[in-house]
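For the numbers below, each heavy atom of this structure counts, side chains included, while hydrogens, waters and symmetry mates do not. As the structure is a prediction and not an experimental result, all values here were calculated from the model.
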Amino acid sequence: MFKKRYILIGLLWISTLPGCKKDFLEKVPQAAVTDENYYKSAQDLINAINAAYDPIGWETDRKGQIYANLFLFGDVVSDDAIKGGSGTSDIPDFHALETFTGNAGLPALLLPWQRNYTGIYRANIVIEKAPLSNADEAIKNRVINEAKFLRAYYHFELVKMYGDVPLITKVLGANDYDQGRTPKEDVYKQIEADLKDASALPEKGSIEIGRATRGAALALLARVQMYQTRTNPAKWSEVLSNAELVINSKVYDLEENYADIHTVEKENGIESIFEIQSTPKVAGSGGDNNSDWSNGNEGTLINVMFRGRDNGGWGFNCPTLDLLDEFKKEKTVDGKDDPRLKATIIQDGDTVFNEVYKADINVYPYTGTYCRKYVEPMDIFKLGLNQSDGPSNYRLIRYADVLLMAAEAANELGLTDKALAYLKDVRDRVNMPEVTETNKERLREIIWRERRVELALEGHRFFDIVRQGRAKEIMSKT
């Protein structure tokens with residue numbers, strides 16, 4: 001597994017030699033790393049592409065303020081979760097977004113902008129510099145396609161949050177930063193072009209764990225196309241085609257036990273298509289432990305943020321009672337609760353890793369629930385030397401999501417049998433009854449509900465209901 005690294009390019013040449021000869025001022029620095037003498041070797045390119053991955057995991061600003069977590073926008077802003085914490089003043093930006101009272105100056109909205117454009121800048125450097133290097137063509141092509149995947153990912157995060165945004169496909173000079181907003185349709189075209197190029201990457205298993213792969217590019221491409229279907233229904237055929245390329249590759253499958261998906265033991269497992277890699281330093285490993293509250297941290301905050309307040313955590317991203325009720329609407333074939341309920345929501349009195357959870361009545365607002373995903377035993381979490389340095393990878397794309405994209409696309413295209421088959425794959429794992437509905441509109445509602453419970457608290461819900469055209473209707477009821 002590769003580790004994220006900052007590329008520190010500094011000018012070290014300092015001279016105090018006497019004299020004022022003109023040729024002294026024109027000497028070429030011998031100890032400097034510059035654009036002209038870097039990006040030459042294969043290792044230079046690997047270092048550069050690693051730096052382009054790094055912003056994916058940024059969760060804070062430089063002062064360590066917590067603003068940029070992915071769950072905030074997909075879950076807390078939706079009907080699936082409340083902010084939690086100790087009250088409205090506990091990370092007030094979260095409360096402002098949850099209640100739709102934030103404005104354009106909110107740091108929580110600024111940080112994702114900065115993070116994603118930093119990633120785009122670093123990806124553009126690789127795309128421009130790699131062709132000029134001395135590395136062999138295979139390395140050049142691979143890092144360029146990784147950079148295109150990342151540039152697409154960062155632009156997608158921006159366009160789905162902000163709409164029209166500046167489209168940046170080159171390294172900007174000092175006088176180039178006054179960029180206007182590009183229509184989102186054009187941003188999407190570039191994202192798709194980058195992901196189609198990135199689909200030439202090796203498959204999972206043929207490249208270092210954690211890097212972008214062919215499957216990741218195709219799965220993200222299907223998601224990007226799905227987000228455009230409300231205004232361009234013709235995109236559904238492309239969604240299905242790219243999702244099926246992932247499915248038919250036979251590289252991925254569902255984890256046997258749903259509750260295992262988000263555990264440390266199953267990181268980069270059979271269901272994982274792309275993850276944010278966390279690499280906390282452990283006690284006794286030596287060197288800088290990287291455990292701080294800024295973006296130099298290589299671990300994650302989500303482990304401590306999702307833990308209950310009475311169980312060593314901060315109690316954020318608490319499931320709503322509406323989400324809890326959604327899980328209870330349907331029983332398994334043998335009449336039991338959907339097993340995804342216990343794997344997603346901790347309720348007052350539940351035992352998790354031999355710890356009894358007593359929901360803190362001081363959590364705002366009180367629901368008696370906590371998020372189960374990414375909660376790890378305290379002994380595993382303590383491998384990190386700081387609360388900011390949790391061990392869990394964040395699952396950005398997993399195979400069940402691809403199956404549900406394929407099911408939704410097939411239904412929209414009138415391929416009912418295919419839609420039911422993909423839906424069955426997801427539901428069979430958790431022993432839910434087979435769906436036999438053939439009416440397109442009713443089956444659409446069933447698939448949408450399945451996305452909600454299958455992918456709950458994974459950062460998708462708000463963006464799903466927006467692309468479905470249901471956000472106003474749903475959020476007006478909360």
Side-chain angles (χ1 to χ4, degrees), residues 80 204 215-216 218-219 222-223 226 236 239-263 265-275 319 323-345 372-373 395-458 460-461 464 468:
D80 272 6
K204 182 178 178 179
L218 291 170
R223 184 183 290 175
M226 183 172 69
W236 280 119
V239 176
L240 181 59
S241 175
N242 287 303
E244 289 190 324
L245 285 173
V246 178
I247 294 166
N248 295 334
S249 73
K250 305 300 182 184
V251 173
Y252 308 96
D253 204 348
L254 298 172
E255 290 287 354
E256 184 177 350
N257 182 6
Y258 181 89
D260 290 342
I261 295 171
H262 294 90
T263 62
E265 290 78 10
K266 293 295 184 177
E267 288 177 351
N268 302 299
I270 190 67
E271 188 163 343
S272 174
I273 296 178
F274 191 71
E275 301 183 8
L323 178 61
L324 180 64
D325 289 341
E326 192 71 67
F327 278 103
K328 294 181 176 180
K329 288 179 180 177
E330 193 176 15
K331 297 291 186 180
T332 63
V333 171
D334 50 1
K336 297 179 181 178
D337 284 339
D338 186 333
R340 292 173 294 193
L341 169 57
K342 287 288 188 183
T344 303
I345 300 176
R372 174 67 179 84
K373 293 175 179 177
R395 279 62 163 174
L396 282 175
I397 313 173
R398 59 185 180 90
Y399 185 60
D401 185 7
V402 174
L403 289 170
L404 290 173
M405 286 192 284
E408 189 171 347
N411 181 57
E412 296 300 328
L413 295 167
L415 303 172
T416 308
D417 289 346
K418 184 173 282 192
L420 291 172
Y422 289 135
L423 184 60
K424 184 177 187 298
D425 286 343
V426 175
R427 290 170 61 84
D428 277 355
R429 168 170 56 185
V430 286
N431 199 30
M432 301 304 288
E434 184 174 357
V435 175
T436 58
E437 180 61 65
T438 58
N439 176 272
K440 182 178 180 179
E441 286 69 32
R442 288 195 290 268
L443 183 54
R444 179 190 295 132
E445 294 285 341
I446 291 170
I447 294 170
W448 283 352
R449 179 195 177 273
E450 196 68 23
R451 282 190 66 84
R452 186 184 189 190
V453 296
E454 173 69 27
L455 304 174
L457 306 181
E458 297 180 32
H460 300 291
R461 175 64 174 174
D464 264 348
Q468 294 160 1

A.B. asks: For Ala219 and Ile273, which heavy atoms make the closest approach, and how far apart are they?
C.D. replies: CB-CG2, 4.0 Å
A.B. asks: Does the pair Lys418/Glu244 count as a salt bridge with the N-to-O cut at 4.0 Å?
C.D. replies: yes
A.B. asks: Compute whether any side-chain donor of one residue and acceptor of the other, for Trp448 and Glu408, lie under 3.5 angstrom apart.
C.D. replies: yes
A.B. asks: For a quick test of your reading: what N or O donor-acceptor pairs under 3.5 Å do the side chains of residues 450-457 make, sequence neighbours left out?
C.D. replies:
unit_1	atom_1	unit_2	atom_2	d
Glu450	OE1	Arg427	NH1	2.8
Glu450	OE2	Arg340	NH1	2.7
Glu450	OE2	Arg340	NH2	3.0
Arg451	NE	Asp464	OD2	2.8
Arg451	NH1	Asp401	OD1	2.9
Arg451	NH2	Asp401	OD1	3.2
Arg451	NH2	Asp464	OD2	3.4
Arg452	NE	Asp80	OD1	2.7
Arg452	NH1	Asp322	OD2	3.1
Arg452	NH1	Glu326	OE1	3.0
Arg452	NH2	Asp79	O	3.4
Arg452	NH2	Asp79	OD2	3.3
Arg452	NH2	Asp80	OD1	2.9
Arg452	NH2	Asp322	OD2	2.9
Glu454	OE1	Arg340	NH1	2.9
Glu454	OE2	Arg398	NH1	2.9
Glu454	OE2	Arg398	NH2	3.3
Glu454	OE2	Arg429	NH2	2.8

A.B. asks: Give a yes or no answer on whether the side chain of Glu437 reaches the backbone of Asn439 with a donor-acceptor pair at less than 3.5 Å.
C.D. replies: yes
A.B. asks: Check for a donor-acceptor pair, side chain of Lys342 on one end and backbone N or O of Ala259 on the other, with a separation under 3.5 Å.
C.D. replies: no
A.B. asks: Is there a side-chain contact between Ile345 and Phe327 (heavy atoms, below 4.5 Å)?
C.D. replies: yes
A.B. asks: Can a salt bridge be assigned to the pair Asp337 and Lys331 using a cut-off of 4.0 Å between side-chain N and carboxylate O?
C.D. replies: yes
A.B. asks: Decide if atom CD of Glu265 counts as having more than 12 heavy atoms of other residues, nucleotides or ligands within a radius under 6.0 Å.
C.D. replies: yes
A.B. asks: Check whether any side-chain heavy atom of Trp236 lies under 4.5 Å from a side-chain heavy atom of Met226, and answer yes or no.
C.D. replies: yes
A.B. asks: Could you tell me if the side chain of Tyr399 sits less than 4.5 Å from the side chain of Ile270, heavy atoms only?
C.D. replies: no
A.B. asks: Using modelled atom types only, decide if a donor and an acceptor are shared between the side chain of Ser272 and the backbone of Gly269 within a distance under 3.5 Å.
C.D. replies: no
A.B. asks: With a 4.5 Å heavy-atom cut-off, do Thr436 and Leu420 have their side chains touching?
C.D. replies: no
A.B. asks: Among Asn411, Ile447, Leu403, whose side-chain contact (heavy atoms from CB on, under 4.5 Å) with Leu423 holds?
C.D. replies: Ile447
A.B. asks: Using modelled atom types only, decide if a donor and an acceptor are shared between the side chain of Glu255 and the backbone of Ile261 within a distance under 3.5 Å.
C.D. replies: no
